[in-house]
Trainee: 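One structure, pasted below without further comment.
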2 protein chains.
Amino acid sequence: MESNIKDVARLANVSISTVSRVMNMPEKVAIETRVKVQEAMKELNYTPNALARGLIYKRTKSLGVLIPDISNMFYSEMLHGMEHAAQRHHYNLILCNTDNNKARMLESLNMLKEKQIDGLVFTSEPVYPDYYEVFKKLQIPIVLAATHSLEFDIPSVKVNDEQASFDAAECLIKHGHRRIGMICGSITDNVTAMPRLQGFLRALRVHDLETDVDSQVQFGGYKFEDGYEAMGQLLRKFPDITAVFASSDERALGAISYLHEHGKSVPEDISVIGFDNLRLAQMSIPKLTTVGQPLYQIGYLAVEKLDHLIQNEHVGELRTYVRHELVERQSVARR
Amino acid sequence: MESNIKDVARLANVSISTVSRVMNMPEKVAIETRVKVQEAMKELNYTPNALARGLIYKRTKSLGVLIPDISNMFYSEMLHGMEHAAQRHHYNLILCNTDNNKARMLESLNMLKEKQIDGLVFTSEPVYPDYYEVFKKLQIPIVLAATHSLEFDIPSVKVNDEQASFDAAECLIKHGHRRIGMICGSITDNVTAMPRLQGFLRALRVHDLETDVDSQVQFGGYKFEDGYEAMGQLLRKFPDITAVFASSDERALGAISYLHEHGKSVPEDISVIGFDNLRLAQMSIPKLTTVGQPLYQIGYLAVEKLDHLIQNEHVGELRTYVRHELVERQSVARR
DNA sequence: TGCTTTTATGAAAACCTTTTCACCCAGGAT
DNA sequence: ATCCTGGGTGAAAAGGTTTTCATAAAAGCA
């Protein structure tokens, strides 16, 4: 039932070369032959086979995307941007969810290589040296999205986390807060969590506030439940707190939830500022003040950068830093 | 730099047939030859080319996924399930975001066909007759996820929307509510919105409450803003309302937001029940009571059903209906 | 008219595998 | 000694395309 170029050629009474030409350089074939062939293609419901094409062109117009957890809005917004850029540049996206699991990641990478992807976008997670080894073996253009590597020269696009956190903290300070806690990511993550911590501390220092990481900062996961948990810890260790910087929106909502359940109202008693500006930041009560990263744009630019790499065009800067933006809503109050 | 089977064969001093055998039926080749070949493969960092394989096997181990909007948590949770099922059965997922745009969908479908996907999962959106024509031309196994078709015999997996809505409405009624409004989807959508409306109305009738669609039901989009908007309308048309069934969690949060801003507290003044049980339903204040659909599972099962179709195994039932579940949290109060 | 150039087409090689078939050789049975 | 069996291997075709090169016909030009 599936028809190939041969069937078309036979039906149109031409050679397969001619059929191929009709598809790729139609101006090179006589007008009558052309329509004859096109009619045959239509009649047979013919579609060219991208596998055969890819074999010859050594190019598949497919990109691999490695994502730790697609159901996380953080990644899905980025993915959305990637998908649009991919459509624009005629790529397909092959999606691999890694669950932050190294074995699964390597497996996916292997599968992607076998499928001859033209390029790869790697999201979040730092690039550990052994990852870099694998990347090198892949022999494929790679772009990092929402992460970067200072050790290795891999193109990347992300926000300036240190500065963004600085701005978040400064926002709280400018609203008159002096006793500020932070809910931070894992201490082992120095591509995202550490810069954010540093930005936070810098803001405190710049404004002559004392800093005490031990009591003031709570480390943990990025999820709602982690934020909830962390808020509890923080309140115990640092009771006279008036504001909290939660370095992800989910954590922020978790914190707010904890505060709400423990009779503190936001922002009247305690102000909370988040990080990311996911769609859910507008949906909470109170609406969340947060420092936004343009996730859609990060995804979009990552794919465009990858395309440049693939086309061997100039890549622009190796490490692109996109603008963050302070989004003031209702979870931060003047004090 | 890229090595093929020939390079391996040359280095190992064997024919390419032998190399191929080492990969596909290693027991058929003498142990010394086997290790010789394996060493050569390792030395050359050889990976087989899935394009060439696919050409022969007429099977690519790739599935297409058509999704209206990946950044929507509704789809991203489903996608997560699909991805896990895909990994389990050794498929790759090629993701296409359609933006609910017909032209883009057809374009994607074409691309997917060219790439020789083994099957397709189509999410949400009703299957219009012209879609069905396209599907037929595709000559590829298809499964519908979170949608179904009564006109056409296409395998599908989804929740029983009518019954789920019935349960939602009944939950409100059992909590003593008599004046209940509904925020509903578009009136043109009769795969999801209409059954939900019918379930809602059935519950009212069964419990001898009067129904007046005109004043009691507000139609609109599924987003937060739509819910916000709709809540306003509803309150104007049907002022002495004590409870609202919003037929998506996002709409429910929009409604809650509206109520909050207009001085009504949830659930003390007005109860709200949602639909979906997205992750964000646990993150709101108050935590949202909702009737949950197992989105992850829907995605997972859809891919497994697709796999059965591809393998020509028995598909089980054509239309699978998975269990919904009433998740009682804090947005519904007794009256 | 006879020559060269151009235009339209086809044959065959190449891309990288898998698989069928044939071959060779060692060992067991007769 | 002869035949058969079978394990291990290689040559070649097939899968669907693109592309190079060759060829034939038509057109241009003197």
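In this text, all values refer to a predicted model and were calculated from it rather than measured experimentally. Just so we're on the same page: letters track the sequence lines, and every chain starts at 1.
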Trainee: Is there a residue in residues 45-60 of chain B whose heavy atoms reach under 4.0 Å of DNA chain C, and which residues are they?
Mentor: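 Residues of residues 45-60 of chain B that come under 4.0 Å of DNA chain C are, in numerical order, B/Tyr46, B/Thr47, B/Pro48, B/Asn49, B/Ala52, B/Arg53, B/Ile56, B/Tyr57.
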
Trainee: Of the options C/dT9, C/dC15, D/dG10, whose atoms approach the side-chain atoms of B/Ser15 most closely?
Mentor: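 Selected nucleotide (nearest to the side chain): D/dG10.
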
Trainee: Using a strict threshold of under 4.0 Å (side-chain N to carboxylate O), is an ion pair present between B/Asp130 and B/Lys102?
Mentor: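 B/Asp130 and B/Lys102: salt-bridged.
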
Trainee: Distance check, rounded to the nearest 0.5 Å: B/Tyr75 atom OH versus B/Ile67 atom CD1?
Mentor: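 So the OH of B/Tyr75 and the CD1 of B/Ile67 are separated by 8.0 Å.
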
Trainee: Under a plain distance cut-off of 3.5 Å, with no hydrogens placed, do B/Ser62 and B/Lys115 share a side-chain donor-acceptor pair?
Mentor: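 On atom types as modelled, these side chains do not qualify, holding no pair under 3.5 Å.
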
Trainee: Find the distance A/Met41:CE to D/dG16:P and express it as a whole number of Å.
Mentor: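 Result: 17 Å.
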
Trainee: Counting only heavy atoms not in B/Arg319, do more than 12 fall under 6.0 Å of its CZ?
Mentor: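 Result for CZ/B/Arg319: enclosed.
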
Trainee: Of the nucleotides C/dT17, D/dT9, D/dT18, which one has an atom closest to the side chain of B/Asn4?
Mentor: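 Out of C/dT17, D/dT9, D/dT18, the nucleotide with an atom closest to B/Asn4's side chain is C/dT17.
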
Trainee: Whole angstroms only, please: what is the NZ-P distance between B/Lys113 and D/dG16?
Mentor: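 Result: 13 Å.
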
Trainee: Report yes if a side-chain nitrogen or oxygen of A/Thr33 is closer than 4.0 Å to either non-bridging phosphate oxygen (OP1 or OP2) of C/dA8; otherwise report no.
Mentor: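 No, because none of the side-chain N or O atoms of A/Thr33 sits under 4.0 Å from OP1 or OP2 of C/dA8.
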
Trainee: Once side-chain hydrogen bond (donor to acceptor under 3.5 Å, both in side chains) is applied, what residue pairs with a partner in residues 29-52 of chain A remain, sequence neighbours excluded?
Mentor: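 Of all non-adjacent pairs touching residues 29-52 of chain A, those that pass side-chain hydrogen bond (donor to acceptor under 3.5 Å, both in side chains) are A/Thr47-B/Lys113.
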
Trainee: So what does A/Thr18 hit on the nucleic acid, given a heavy-atom distance under 4.0 Å: a base, only sugar-phosphate, or nothing?
Mentor: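 Contact class for A/Thr18: sugar-phosphate only.
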
Trainee: Side chains of A/Tyr91 and A/Asp118: do they bring a donor and an acceptor to under 3.5 Å?
Mentor: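 Result is no, nothing qualifies.
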
Trainee: Measure the distance from CD on A/Glu32 to P on C/dT7 and round it to the nearest whole Å.
Mentor: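 In whole Å, C/dT7 P and A/Glu32 CD are 15 Å from each other.
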
Trainee: Nearest-nucleotide wise, let me know which of B/Lys28 and A/Ser17 is further upstream toward the 5' end of DNA chain D.
Mentor: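 Its nearest nucleotide being more 5', the pick is B/Lys28.
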
Trainee: What contact category does B/Met25 fall into here, base, sugar-phosphate, or nothing, at under 4.0 angstrom with non-hydrogen atoms?
Mentor: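 Answer is nothing: B/Met25 stays at 4.0 Å or more from every strand.
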
